[in-house]
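Here is the structure we will look at.
Note: hydrogens, waters and symmetry copies are ignored here, and every other heavy atom, side chains too, is used. Letters go in sequence order (proteins before strands), and every chain restarts at 1.
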Amino acid sequence: MLKKLMLIDGNSILYRAFFALPLLSNSTGVHTNAAYGFAMMLVKVLEEEKPTHVLVAFDIGKTTFRHKDYESYKGKRDKTPSELAEQIPLVYELLEAFSIQTYGQAGFEADDIIGTLAVEAEREQVSTVIVSGDKDLFQLIGDHVTVLHTRKGVTEMDRYDEAALRERYGLAPSQIVDLKGLMGDPSDNIPGIAGVGEKTALKLLAKFPTVEEIIAHPDAFSGKKLQEKLREFADDAILSKKLATIHTEVPLPFSFDELELRDIQKDKVASVFSRLEFRTLIDRIDKSPLFSSSDNEETEVLVEEHEYVQITPENQGEWEKIFHYSPLALQIETDIDNPHHAGITGIALSHKDDNLFVPLEVAKDWGPFQSWLQDNQQKKVVYDLKRCKILLEREGMKVAGFSFDVLLAAYVLNPSETKLELSDLALQQSIGYLPSDDEAYGKGAKKRPLALEPLAVHVTKKSAKLLALYHRYEEQLEKNDLTKLLYELEMPLASVLADMEMIGVKVDKSKLEELGITFKEKIERLEKEITDLAGTSFNINSPKQLSEILFEKLGLPVIKKTKTGYSTGADVLEKLAPQHEIVEKILHYRQVGKLYSTYIEGLKKEISPDGKIHTRFNQTIAATGRLSSTEPNLQNIPIRLEEGRQIRQVFVPSQDDWSILAADYSQVELRILAHLCRDPILQKAFLEDRDIHTQTAMDVFAVEAEEVSSLMRSKAKAVNFGIVYGISAFGLSQNINIPQKEAKEFIDRYFATYPNVRQFMDDVVVDARKQGYVTTLLNRRRYLPDINASQFNARSFAERTAMNTPIQGSAADIIKNAMVNLSREMDKRKLKSKMLLQVHDELIFEVPAEELEEMKSLVRVQMENAVQLSVPLKVDVNIGKSWYEAK
DNA sequence: CAATGCTGC
DNA sequence: TCAGAGCAGCATTGG
């Protein structure tokens with residue numbers, strides 16, 4: 001194959017990328033803009049130029065031979081910004097992953113290394129392309145050497161050969177040094193001739209081809225001043241020319257052939273891209289011909305070896321090889337996502353290089369495997385403990401001894417990480433390439449089940465990665481002091497949640513249908529009234545059609561706009577309500593419509609054959625540490641308005657004579673705030689169990705308890721909410737509909753009343769700026785890469801997050817701890833009561849009549865003592881025949 | 001699939 | 001000046 005050499009001016013491209021892109025950083029706060037730009041450029045030039053040999057040359061060391069001639073060389077250059085310097089190792093890693101050689105040599109610049117190789121290539125007639133943002137390199141252009149010069153951004157480039165150079169500057173490549181000798185280069189502190197810029201220099205060079213000839217004939221040029229300068233600065237020009245001349249005889253310790261570009265390994269590159277969070281580039285890997293492995297035999301060879309043994313009734317001896325090791329990796333594959341409905345398609349076990357594939361039928365009636373599963377001493381490393389437990393138990397298999405959950409580990413290490421699929425984790429941790437489920441099964445319409453053999457390959461590949469991830473994560477958890485959070489909170493909780501999900505909540509289906517009928521009647525009535533008032537029938541659910549009616553047909557005033565048109569949000573409609581009776585009906589229509597579609601129809605769809613709803617608690621979604629609930633979401637069942645609250649009537653105990661017990665923390669977030677900032681007035685208020693909003697109103701408005709009006713209390717309440725969310729005057733003014741000025745006064749008065757709160761808020765932001773993350777009571781950690789951003793918006797958001805996360809996250813820690821403790825205690829006491837749901841600050845149980853009194857006290861005690869704070873925690877317990885009645 | 005809107009804490 | 005309340009899930013519209 002014909003050789004093609006590519007020489008990349010590393011420093012030049014790096015600087016270019018750094019200044020061309022905003023100061024991006026990834027989720028752990030590492031700046032990555034220059035590395036990102038470099039990677040973009042690299043992928044582009046490799047794809048387009050298809051070089052066979054590549055070198056990236058770097059400047060290393062401070063002084064070069066040029067300093068001997070001119071000690072101020074590059075004297076004025078600012079020190080490399082630290083945000084850029086810290087990215088240099090990233091670029092080396094990147095190039096390493098691409099298997100691209102890098103080189104720098106003390107005493108020489110990258111230019112000289114490139115020049116030496118370019119001259120050699122020219123001599124050997126090897127086609128060569130130089131990539132740089134520096135025009136100096138144009139002097140190397142030759143018959144076989146061209147320069148790609150960055151034009152705009154990082155990926156737009158101009159190609160210069162001799163003709164292009166002549167067209168653009170009217171110069172031959174050799175004259176670039178003359179140009180530079182005349183005009184100098186401020187960035188390198190090369191003087192040139194004072195007062196001569198590019199334009200004059202080009203004019204001079206049009207008459208004589210070299211600096212030497214120009215300064216020998218100053219009189220040949222018009223203009224007295226110019227003539228003087230040519231005489232006065234002749235020496236500077238000669239020196240400048242010398243400085244600009246690239247040295248092409250650097251003694252290099254390698255030969256041309258050693259620069260041959262080897263096959264680029266997809267997994268290595270993907271792993272680095274993933275760790276740096278270069279998402280668009282990751283996507284590009286699959287499409288890029290650079291990484292194609294199908295039509296290239298050599299890359300085929302580089303695919304990691306993967307072997308497995310399928311267990312059959314005949315070869316169970318294979319099991320003897322590994323079963324006594326502990327831990328083993330256990331991976332369970334399913335047909336669909338939801339573990340409450342999924343079927344197991346296969347089970348894989350791994351230890352070192354031994355991978356076993358166990359079909360479900362074999363697993364189920366295979367004694368040694370079953371006893372291994374149940375043995376608490378036989379440790380299992382899994383991905384998603386909760387899911388594994390549910391899947392196995394639904395197949396009637398008992399399981400114990402989960403020692404490590406790779407998914408939960410990845411989450412506690414960085415709860416903001418959204419790419420938590422096993423294949424993502426393998427990439428992020430550089431433990432080799434693992435196909436994603438989408439790759440294995442296809443996605444969207446192309447999704448299809450796998451035949452037995454490819455299925456076995458896929459699932460054993462997954463299990464094979466688990467132990468490597470376990471070792472990585474264990475070390476990282478230790479380093480970040482997160483082991484307790486994982487082992488003592490999140491993993492035990494996963495087990496508790498698995499049980500809660502499997503038990504499920506009983507639904508009174510006839511009640512649900514009954515409510516559905518009344519809601520439907522209301523909707524139809526409202527729909528008729530609204531279309532009558534509007535004088536035309538239209539889709540009330542369409543904001544577009546609705547705004548046409550309200551703001552064009554009826555001419556109501558526009559209060560707020562959205563990106564696409566007029567806003568018809570509830571806040572806007574509430575302001576418009578006095579103007580036209582239709583508005584109120586629309587609000588009511590929306591409210592009941594929501595109830596019907598989301599809560600009546602939506603819940604109906606989720607009822608399982610056992611008459612229960614089995615929600616799924618997601619433990620790795622919310623960056624604060626909260627849980628979330630899906631399919632269906634049982635954490636947003638209506639309560640505020642009576643009409644919606646009735647939905648709660650359908651959630652009932654699973655047996656007659658049982659009750660629903662609901663226990664909720666009272667003001668847990670404000671109590672946490674009082675604890676964290678140790679404000680004496682707030683602490684006292686909680687110690688005395690005062691109504692906190694009334695107390696705040698008393699303190700802020702400086703009045704006695706009896707003088708607090710309901711308006712004052714509700715304003716104080718809004719301020720308290722704002723404090724928890726990371727307050728802004730604007731946010732508060734919007735929320736309670738007062739002028740911003742007034743909101744600011746409230747906030748100022750609040751902070752004046754509780755100075756420790758302000759101190760705490762300030763401290764937590766300063767802390768976040770220093771450390772790059774904030775923490776919660778149980779040491780949960782959330783990184784805030786934007787905390788030092790220059791964009792006001794991004795930074796403000798990070799600051800509010802810094803204030804909110806320790807509060808919301810600590811509340812999550814507390815209730816999680818209570819759940820784990822409570823579950824243990826209920827087991828210990830062999831209670832029949834079941835924990836069913838968690839709604840952030842509330843736990844729901846079903847309880848047989850004979851356990852009611854015991855549970856009331858047990859739940860309260862465990863919740864109130866989940867952690868010890870400097871203020872008491874308070875829990876309200878309520879009991880009823882449905883969730884609705886437990887209020 | 002994005003935008004909008006609404007439900008919860 | 002600009003934008004602007006913390007954390008979620010789900011239904012609907014309309015491209």
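- A salt bridge links A/E631 with A/R616: at least one charged nitrogen is closer than 4.0 Å to a carboxylate oxygen.
- Across all strands, A/T805 comes closer than 4.0 Å to no nucleic acid atom at all (heavy-atom distances).
- The residue A/Q545 sits close only to the backbone: its heavy atoms come under 4.0 Å of sugar-phosphate atoms, none of a base.
- A/N633 comes within contact range of the sugar-phosphate backbone alone, with a heavy-atom separation under 4.0 Å but no base atom that close.
- Side chain to side chain, A/Q695 and A/D691 fail the donor-acceptor criterion of an N or O pair below 3.5 Å.
- Between the side chain of A/N541 and the base of C/dT12, no donor-acceptor pair under 3.5 Å is found.
- If you take CD of A/Q808 and P of B/dG8, they are 17 Å apart, rounded to a whole angstrom.
- Residue A/A623 is classed as a sugar-phosphate contact, given heavy-atom separations below 4.0 Å to backbone atoms only.
- When rounded to the nearest whole Å, the span between CG of A/L546 and C1' of B/dC6 equals 14 Å.
- For A/A570, taking side-chain heavy atoms from C-beta onward, the closest of the listed nucleotides C/dA11, C/dA3, B/dC6 is B/dC6.
- If you check every strand for non-hydrogen atoms under 4.0 Å, A/N618 touches nothing.
- If you take CG of A/N793 and P of C/dT1, they are 16 Å apart, rounded to a whole angstrom.
- When distances run from any side-chain atom of A/Q740 to the nucleotides C/dG4, C/dG9, B/dT4, the shortest one goes to C/dG4.
- Atom CD in A/E669 sits about 7 Å away from atom C1' in B/dC9, given to the nearest Å.
- Closest to the side chain of A/R800, from the set C/dG14, C/dG9, C/dA5, is C/dA5.
- Listed pair A/T801 / C/dG6 fails the phosphate criterion, with no side-chain N or O lying under 4.0 Å from OP1 or OP2.
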Using the salt bridge (Lys or Arg N to Asp or Glu O under 4.0 Å) rule, take A/R648 and A/E885 through it: C-alpha gap first, then chi angles, then the decisive distance, then the call.
CA-CA 8 Å; A/R648 295 184 173 226; A/E885 289 178 27; over 6 Å; no
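- Considering A/T568, A/L576, A/L573, A/D571 in turn, A/L576 is the only one that fulfils the side chain to side chain contact (heavy atoms under 4.5 Å, CB included) rule with A/I559.
- The pair A/K506-A/E846 fails the salt-bridge criterion, with no side-chain N (NZ, NE, NH1 or NH2) lying under 4.0 Å from an Asp/Glu carboxylate O.
- Using a 4.0 Å cut-off, some side-chain N or O of A/T568 falls inside it from OP1 or OP2 of B/dG5.
- The side chain of A/S728 places no N or O atom within less than 4.0 Å of a non-bridging phosphate oxygen (OP1 or OP2) of C/dA3.
- Both A/G731 and A/N539 lie close to DNA chain C; mapped to their nearest nucleotides by heavy-atom distance, the more 5′-ward contact belongs to A/G731.
- Using a 4.0 Å heavy-atom distance criterion, A/E606 is classed as making no nucleic acid contact.
- Note on A/E490 versus A/R780: salt bridge recorded, some NZ/NE/NH1/NH2 to OD/OE distance being below 4.0 Å.
- Relative to the ring axis of A/Y441, A/K447 places its NZ or CZ within 45° and under 6.0 Å from the centre.
- Among the atoms of the strands shown, only primed sugar atoms or phosphate atoms (P, OP1, OP2) are found under 4.0 Å from some heavy atom of A/F797.
- Atom C1' of nucleotide C/dG9 and atom CZ of A/F617 are separated by 13 Å, given to the nearest angstrom.
- Within the nucleic acid shown, A/E631 comes within 4.0 Å of sugar-phosphate atoms alone, with no base atom in reach, counting heavy atoms only.
- Within the nucleic acid shown, A/R782 comes within 4.0 Å of sugar-phosphate atoms alone, with no base atom in reach, counting heavy atoms only.
- No contact: A/A811 has no heavy atom under 4.0 Å from any strand.
- The distance from atom OH of A/Y725 to atom P of C/dA5 is 12 Å, rounded to the nearest whole Å.
- Of the listed nucleotides (C/dA8, B/dT4, B/dC9), B/dC9 has the atom at the smallest distance from the side chain of A/V839.
- Counting only N and O atoms by type, the side chains of A/R782 and A/Y773 include no donor and acceptor under 3.5 Å apart.
- Checked by atom type, the side-chain pair A/T531/A/S537 shows no donor-acceptor distance below 3.5 Å.
- Consecutive pairing runs in DNA chain C reach the stem threshold at B:1-9 with C:6-14, where a stem means at least three Watson-Crick or G-U wobble pairs with distances under 3.5 Å.
- Closest to the side chain of A/R626, from the set C/dC7, C/dC2, C/dG9, is C/dC7.
- Here, B/dT7 and C/dC2 have their C1' atoms 31 Å apart, quoted to the whole Å.
- Side chain of A/N636, nearest nucleotide from B/dC9, B/dT4, C/dG9: C/dG9.
- To the nearest whole angstrom, the two P atoms, one in C/dA3 and one in B/dC6, are 23 Å apart.
- The CD1 atom of A/I807 sits 13 Å away from the P atom of C/dG6 (whole-angstrom rounding).
- Within the nucleic acid shown, A/T630 comes within 4.0 Å of sugar-phosphate atoms alone, with no base atom in reach, counting heavy atoms only.
- Here, C/dA5 and B/dA2 have their C1' atoms 23 Å apart, quoted to the whole Å.
- The side chain of A/I621 approaches C/dA8 more closely than any other nucleotide in the set B/dT7, C/dA8, C/dG4.
- Atoms CG (A/L627) and C1' (B/dG8) sit 14 Å apart, rounded to a whole Å.
- The aromatic rings of A/F721 and A/H693 sit parallel, their planes meeting at an angle under 30°, below the 60° perpendicular limit.
- Nucleic acid contact class of A/G726 (heavy atoms, under 4.0 Å, all strands): none.
- Minimum atom distance to the side chain of A/N804 is reached by C/dC7, of the listed C/dA8, C/dC7, B/dT4.
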